[in-house]
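Following: one structure in C-alpha cells, then a few remarks.
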Amino acid sequence: MADKKKLLLIDGHSVAFRAFYGLHSQLERMKNRNGLHTNALYGFHNMLEVIVNKEQPTHALVAFDAGKTTFRHEYFDDYKGGRSKMPSEFSEQIPFMKDLLKGFGLQSYQLENYEADDIIGTLAKEAEENGFEVVILTGDRDLTQLASDAIRVDITKKGVSDLKEHTKQSIQEEMGIDPIQIIDMKGLAGDASDNIPGVTKIGDKTALKLLHEYGSVENLYENIEAMKKSKRKEYLINEKETAFLSKKLATIDTNAPIEVKLDNLTYSGLSMEDLISFYKEMDFNSHLQKLDTSEYMEQLAEDAVEVEYTFLNELSSSHFSSNMAMYIEMLNENYHHAEIVSIAWGNDESIYVTDPQTAFASDAFKAWIEDEDSSKVLYDAKRTYVALNNKGMTLKGITFDIMLASYLLTAEDSSSGDIVDVARKHNYDHITPDEVVYGKGKKIKVPEDSALMHDHMARKVLGIYHLSDSMDKQLKENEQEDLLKEMELPLAIVLADMEIQGITVDAERLERMKEEFGTTLESIEERIYEEAGETFNINSPKQLGVILFEKMGYPVIKKTKTGYSTAQDVLEKLKDEAPIVEHILQYRQIAKIQSTYIEGLLKVIDPQTSKIHTRYLQTVARTGRLSSVDPNLQNIPVRLEEGRKIRQAFIPREKGWKIFASDYSQIELRILAHISEDDHLIKAFLDDEDIHTTTAMRVFDIDTPEKVTSDMRREAKAVNFGIVYGISDYGLSQNLNITRKEAKDYIDTYFDRFPGVKEFIDTVIREAKENGFVETLFHRRRYLPDINSRNFNLRSFAERTAMNTPIQGSAADILKMAMIEMAKRMKEENLEATMLLQVHDELIFEVPEHEMDKLESLVKEVMEKTVELSVPLKVESSAGDNWYQAK
DNA sequence: AGTGAACTCT
DNA sequence: CATGAGAGTTCACTT
C-alpha cells in the first residue's frame, strides 16, 4: 500500500522567534565570522532537523506573515498591539531564513494581508479533505484550534528541539473542549499576547467553565437571559460586541485566497549543496562535520575542482624543485609514535604523491628534505620535522607553516588540528575532512581504495601551497611576519628537538611510590566509609554529595548545575563541623597523584629508553603560551609535599648529570611595569625590591618593609595576582576570605597608589573597544569580539582578557625568544647539556657536572638579555640530582 | 563518545 | 546579572 500522504506546515516566524529566545543565553556566543547573530537560525535549524526526520513528510510548506497589517486590523486597530519591537539581533537573522529553508528543500509562502496562521489553516483543512495527514509546527498556541482527527499541532517548548504534540484527543483531555471551541474561549477570555481583549474579569478558567455549560459564544448569548444575576452576567451583556469581535479575531481563516496548490508542495528532502553553503555562511562547523559522509562526498565530487597529481613509484631529483608544499600523513595524533601512511608534495605546476616506503628508499627525497635551499611550505612544521627525524632525516628549508600562520592571524579556535578547519577559515574549500576519508574514532584507517587517500593528499598539498601566499600577505599587513618567521617557526624546531630528546623518568621509583600511596589510599578510604557509615564511590561528586548533604545533613554551601558542589573551597568551609571532609580532601589529593601522575606517567614512559616525550601544542593557548599534552608536563605537582615527590622521578639521562631549572622572577608584573610605565612599579623593580612587600607598603600605608606582616604580604600578593588577571572585588574577596567592600577598598587603594597601572588598564580596554583586538609586545594579536557586547558578563570577560593578554602573552613571547636564542647559543658553544622542558616562565635542562657553571651563566644572560625592557628581567636558577631538588 | 566536576600547574 | 588569566587529565556518568 502506498504510504499515506503527509503534509508538514511550519509557522516560520513563530518557530524562529521561539528558537531565538530558546537560545537567548547563547546570543552573544553564537555569531558567524561576520558578526551576524545566528542563534535563531541555529535553533530553527535543529527544530527542522528533528521534525523532518521524525515525520518524513511527503508534502511541506513554511508559511510567513506578510506585511504589517492583516485583515484583522480592519476590525480592530490594536490587534497584536502592545508587542514590543523585534530586537535587531533577531531581525538581522530573518533574511537568512530563506537560505536555511533552501538547504532543507522547503518552500515558503506568504500572502498579503494574511497571517501565517491563515495560510496554514487553509492548507490544513484542504489537505484534510483530500485524505492527508497533517502536522503543524508552530511556536504559537493559536493554531491548536485546528487540531482534528487528521491534524496534529506541534508546539515548540522552551527546550530548543523539544515539542509538545496537540491532538484533538489531548485537547479534549486537557481542557475538556473540542479544539474548535478554543476560539470561543478566546472570545470570552481574550489573549494578552495578541492583544485580543475578551470580556472583563473572565480568564481562561471561567471561560472554560462557561463553555462546558453553553458550548459556544453564540449559544451563551442566546441563553443569557436565563443566567443567574451576577456581576459576571453584567459584564457579559455589556461587552457582547467585544466577545464576538474577540472570537472573530481569534478565528483562523481557513478560506484564505491562497494561490498555492497542494500538489505543488511535494517534499523531496534536503538540498545538500544549499545546506552546505548555508552551514559555511553561518560557520555551523559542527553541522558541517556531522553531515552524512557519503552525502558530503557526493557533494564534494559534484562541485570540487579536480586536483591533478601523479602517483610515483620511483622518485628522482626532477620531482623536486625549490618552492614546494609538502604534507606527511599520519593517522595517529601523536606523531612520536604514528606510522606514516602517505607523503605528497608539489606546487601549482605539479603535485606528486607517494607511499612512505618509496620516499624513504629514495636518495633524491632525502637530499631534497635536507637541502636548506629547497624551501618547503608546510602544515605543522613540528609534526613534520619529528616524523622525518624518526626516519633519520633532518628537515631543512622550512619557510612557511600555514597552521602557525593561521594561529597568528586568528588565534580563535584553531585547536582541532585539522587542516580542513584552517583552510575553510581562509575560504579554501577543496580539502575533504580527514574524518570522511579515514573514518573516525576506533575505526580510523587508510581507505580500501588508496586513490581516495592520494587525491586527499594532493588536495592538502595544493591547499597549503595556495594558502601560504595569501596568509603571508595578511601577516605583513598585521606586522606579524617576524612573529612567524623569527619566532614561531624557529621555535617549532627548538620544541621538536626538546620533544625528541624527552626527559628520563625513573619508573622504578614511581612504582615504589605507587605501592606506598596505594596503601595510604586504602586506609583513608576505610576511615571515610566508617565515618559515613557505608561504602560509596568517593570519586563520584554525586554520591559524595548525597552522603554529605543528605545522609549526614551538613549545610549546602554551593550548588553546581548538576547538584551539590563538593569542590575544595566548599569542603574547607565544612572542615570544623565535619571531620570526614578532612579525609575526603586528603583522599582526593592522593587519588589525583596516584591516577594522573603515577599511573598516568608510567603509561607513557618508553620502556626502551625510560624517557617521556611530551608534545607541545603551539597553536592552542589564545595568549600565545604553549600547552603540553601526552602527557602534560606543565602541571607536575609542586605546591604540596606529597605531590612534589613526583618530581624525584624526573632525572638526568646520564649518571652524574644534574637537572637544572631557571625561572623568571615576577615576569608578568615586570611586563606590567614596562607596559604601564608606572613610576612606582618601575622603581620597585629597578631597586630589586620584593614586589609583594612593596605593594603591601603602598596599599596598607606602611613606611618600612620590616613593618609589613606576613599576612599583609600575602594579601598584597593576592592583589598583585588580581591586577594581572583583571580583578573584580568579588573575586578578590573570595580569594582572601574578606568582605566585598574590603576587597573593593584594596583595589581602589592600589589604583590610587599605582596610577600608571590604572591608566594602562583604562587605555588597553579603550583601545580594544576601538580596534576589536589587543596586542602583545611582539604583535601577537587576540581578537575580542565581545568587548562591546551589551551582555555584562561577556563584556567583562573580554575586558579582563584585554588587560591580561598583553601581559601573559608578552611573557610567552619573551620566553619563546629566549628559548630560540638559548638553543642557538648552546649549539654554538657545543654544550652537551640539553633543553628539556618549558613551563611558562621556566626552562628545565639536563647538564653534565662540568658544564654547570657555563650553563648557568649562559641561561642567565640569554633569559635576561634577549629581550630588554625598561625594568630588568631577573632569573633564578637551581640544580639537583632530580627535578625535585632543582627548585 | 561527549560532558561536567574535580584536581594539577604558571 | 555573576563574578580573577591561561592550560590538561582523570573519573563518573550519560548518550
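Worth knowing before you read on, the calculation uses all heavy atoms, side chains too, and leaves out hydrogens, waters and symmetry mates. Below, chain A is the first sequence line, B the second, and so on; all start at residue 1.
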Looking for any heavy atom pair under 4.0 Å, which part of the strands does [X] touch: base, sugar-phosphate only, or nothing?
X	answer
A:A802	nothing
A:Q734	nothing
A:N537	sugar-phosphate
A:L626	nothing
A:D630	sugar-phosphate
A:R795	nothing

Is the shortest side-chain N/O distance from [X] to OP1 or OP2 of [N] below 4.0 Å?
X	N	answer
A:S540	C:dC11	no
A:T562	B:dA5	yes
A:R800	C:dG6	no
A:R625	B:dT10	no
A:Q543	C:dC13	yes
A:S628	C:dA7	no
A:T560	B:dA5	yes
A:T623	C:dG6	no
A:K542	C:dT14	yes
A:N632	C:dT9	no

query = Which residues pass the side-chain hydrogen bond (donor to acceptor under 3.5 Å, both in side chains) test with A:Q618, sequence neighbours left out?
reply = A:E488

Quick one: the side chain of [X] and the base of [N], do they pair up donor-acceptor inside 3.5 Å?
X	N	result
A:K592	C:dT10	no
A:R639	B:dT10	no
A:Q634	C:dA7	no

inquiry  = Expressed as a whole number of angstroms, how long is the span from A:F517:CZ to B:dT8:P?
reply    = 12 Å

inquiry  = Counting only heavy atoms not in A:K744 (residues, nucleotides, ligands), do more than 12 fall under 6.0 Å from its NZ?
reply    =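 No.
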
query = A:F773 ring centre to A:R782 NZ or CZ under 6.0 Å, with the angle to the axis within 45°?
reply = no

Interface with DNA chain B, restricted to residues 720-727 of chain A and to heavy atoms under 4.0 Å =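 The stretch gives none, as no residue of it lies under 4.0 Å from the strand.
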
Whole-Å P distance, B:dA6 and C:dC1 =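 Nearest-Å result for B:dA6 against C:dC1 at atom P: 24 Å.
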
query = Which whole number of Å gives the distance between the P atom of B:dA5 and that of C:dA2?
reply =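 B:dA5 and C:dA2 have their P atoms separated by 16 Å.
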
ask   = Is the closest basic N to carboxylate O distance between A:K611 and A:D606 below 4.0 Å?
value =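 No, no charged N to carboxylate O under 4.0 Å.
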
Pairing of A:D569 and A:K558 as salt bridge, 4.0 angstrom limit = yes

query = Which word best sums up how the rings of A:Y529 and A:F536 line up, parallel for under 30°, tilted for 30 to 60°, or perpendicular for over 60°?
reply = perpendicular

ask   = Where the side chain of A:Q568 is concerned, which of C:dC13, B:dC9, B:dT8 is the nearest nucleotide?
value =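 Side chain of A:Q568 sits closest to B:dT8.
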
Result block: side-chain N/O donor-acceptor pairs under 3.5 angstrom for residues 660-669 of chain A, not counting sequence neighbours:
residue: A:S662; atom: OG; partner: A:S877; partner atom: OG; Å: 2.8
residue: A:Y664; atom: OH; partner: A:M863; partner atom: O; Å: 2.6
residue: A:Q666; atom: NE2; partner: A:H692; partner atom: NE2; Å: 3.4

key: Identified salt bridge (Lys or Arg N to Asp or Glu O under 4.0 Å) counterpart of A:D690 within the set A:K717, A:K874, A:R713   = A:R713

